[in-house]
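Residues take their numbers from the sequence shown, with the count starting at 1.
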Amino acid sequence: MTTAMGPPPSRNPASDPSSAAADEPSTSESTKATTAMPPPPPRNPNPSEPEGEPEPSENHKEEPKTDPPCTDTSENPTQLSNSTDNSDNVTSAEVEKKKEQRNNNAAVPYAIPAWSGAPVHHFFLEVLKDGSIIDQYDVNKKGAYMFGRVDICDFVLEHPTISRFHAVLQFRSDGGAYLYDLGSTHGTFINKKQVKKRVYVDLHVGDVIRFGR
């Protein structure tokens with residue numbers, strides 16, 4: 001019985017070549033399995049190496065696309081274009097006003113005669129309303145005074161029956177005074193009598209002049 005059982009096998013793999021040979025395949029198999037399925041490498045194993053720098057550079061290139069200052073820059077021309085339009089509007093209004101004034105000057109239907117001169121006497125016009133004097137116009141500083149509805153007239157009369165250029169009070173250097181209707185629509189009157197258009201009519205102290213109706 002003792003001989004049949006024999007001695008127990010040695011537990012030291014180094015001393016038993018067969019056991020060492022049997023262990024080698026298992027070791028190689030585990031090594032192959034480890035090599036076939038390696039763990040994923042880290043994205044940035046060494047931050048100090050230059051290989052990790054391309055990602056920040058790509059992000060840096062993409063930043064200007066969504067950078068808010070770009071939107072502000074695009075708005076500035078709009079603000080500048082808006083301010084330029086306002087200035088253009090103001091300039092256009094001033095130009096139109098000057099053109100209108102030039103047109104009014106060009107359209108004035110009266111030329112001051114060569115014999116015109118400031119009066120030698122102190123003349124003035126008294127404005128009457130309901131028989132009472134409400135205002136007084138000084139007319140002794142130059143030879144001609146124009147009455148009408150536009151601003152370039154010497155005396156602007158705001159009434160719907162007043163023409164743009166209604167009449168002229170014309171003086172002579174020798175002291176004569178005349179009323180000249182410029183072709184008004186509703187006429188000019190001296191002492192309730194309508195005067196002829198585009199004709200010099202004598203004026204005297206105390207005469208009552210009415211423009212329009």
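Atom CG of residue L125 and atom CD1 of residue I133 lie 11.5 Å apart, to the nearest 0.5 angstrom. Taking CZ of R210 as the reference point, atom CG of L128 lies at 12.5 Å (rounded to 0.5 Å). Separating the OG1 atom in T185 from the CZ atom in R164 is a distance of 11.0 Å, to the nearest 0.5 Å. Note that the CG atom of N191 and the CG atom of D207 stand 4.5 Å from one another [nearest 0.5 Å]. To the nearest 0.5 Å, the span separating CD on Q194 from OG on S184 amounts to 7.0 Å.
Between F124 and H122, the ring planes lie tilted relative to each other; the angle falls in the 30° to 60° range. The aromatic rings of Y200 and Y178 sit perpendicular to each other, their planes meeting at more than 60°, with 30° as the lower class boundary.
Hydrophobic clustering of Ile, Leu, Val, Met, Phe, Trp and Tyr side chains at less than 4.5 Å, counting indirect connections, unites L182 with I152. Linking Ile, Leu, Val, Met, Phe, Trp and Tyr whenever their side-chain heavy atoms come within less than 4.5 Å leaves V150 and Y137 in two separate clusters. At a threshold of 4.5 Å between side-chain heavy atoms, the hydrophobic network of Ile, Leu, Val, Met, Phe, Trp and Tyr places I190 and V168 in two separate groups. When hydrophobic clusters are built by joining Ile, Leu, Val, Met, Phe, Trp and Tyr residues whose side-chain heavy atoms come closer than 4.5 Å, directly or via intermediates, V127 is grouped together with L179. Side-chain heavy atoms closer than 4.5 Å link hydrophobic residues (I, L, V, M, F, W, Y) into clusters, and following such links, even through other members, never connects V208 to F155.
Proximity of R198 to Y180: side-chain heavy atoms (C-beta onward) are separated by under 4.5 Å at one or more points. Contact check for L203 versus I209: side-chain heavy atoms found under the 4.5 Å cut-off. The closest side-chain heavy-atom distance from L169 to V139 is below 4.5 Å. Put simply, the side chain of E158 reaches to within 4.5 Å of the side chain of V156, judged on heavy atoms.
For the pair K142 and Y145, the cation-pi criterion (under 6.0 Å, within 45° of the ring axis) is fulfilled.
In plain terms, the two heavy atoms of H159 and R149 that are nearest each other are O-CD, 4.1 Å. The minimum heavy-atom distance between F123 and F171, with the atom names listed, is CD1-CE2, 3.7 Å. Counting all heavy atoms, side chain and backbone alike, I134 lies closest to K129 at CD1-CB, 3.8 Å.
Q170 places a side-chain N or O within donor-acceptor distance of the main-chain N or O of G143, the cut-off being under 3.5 Å. D174 places a side-chain N or O within 3.5 Å of a backbone atom of G176 that can act as its donor or acceptor partner.
For K196, the NZ atom sits in a loose shell: 12 or fewer heavy atoms of surrounding residues, nucleotides or ligands are nearer than 6.0 Å.
You'll find the ring centres of F165 and Y110 outside the 6.0 Å limit.
For the side-chain hydrogen bond (donor to acceptor under 3.5 Å, both in side chains) test, residues two or more places apart in sequence or in another chain that qualify with D138 are N140, K141.
In summary, the side chains of H166 and T188 do present a donor paired with an acceptor at a separation below 3.5 Å, with no hydrogens or angles considered.
Exactly one of D181, T161, I162 qualifies for a side chain to side chain contact (heavy atoms under 4.5 Å, CB included) with F211. That residue is I162.
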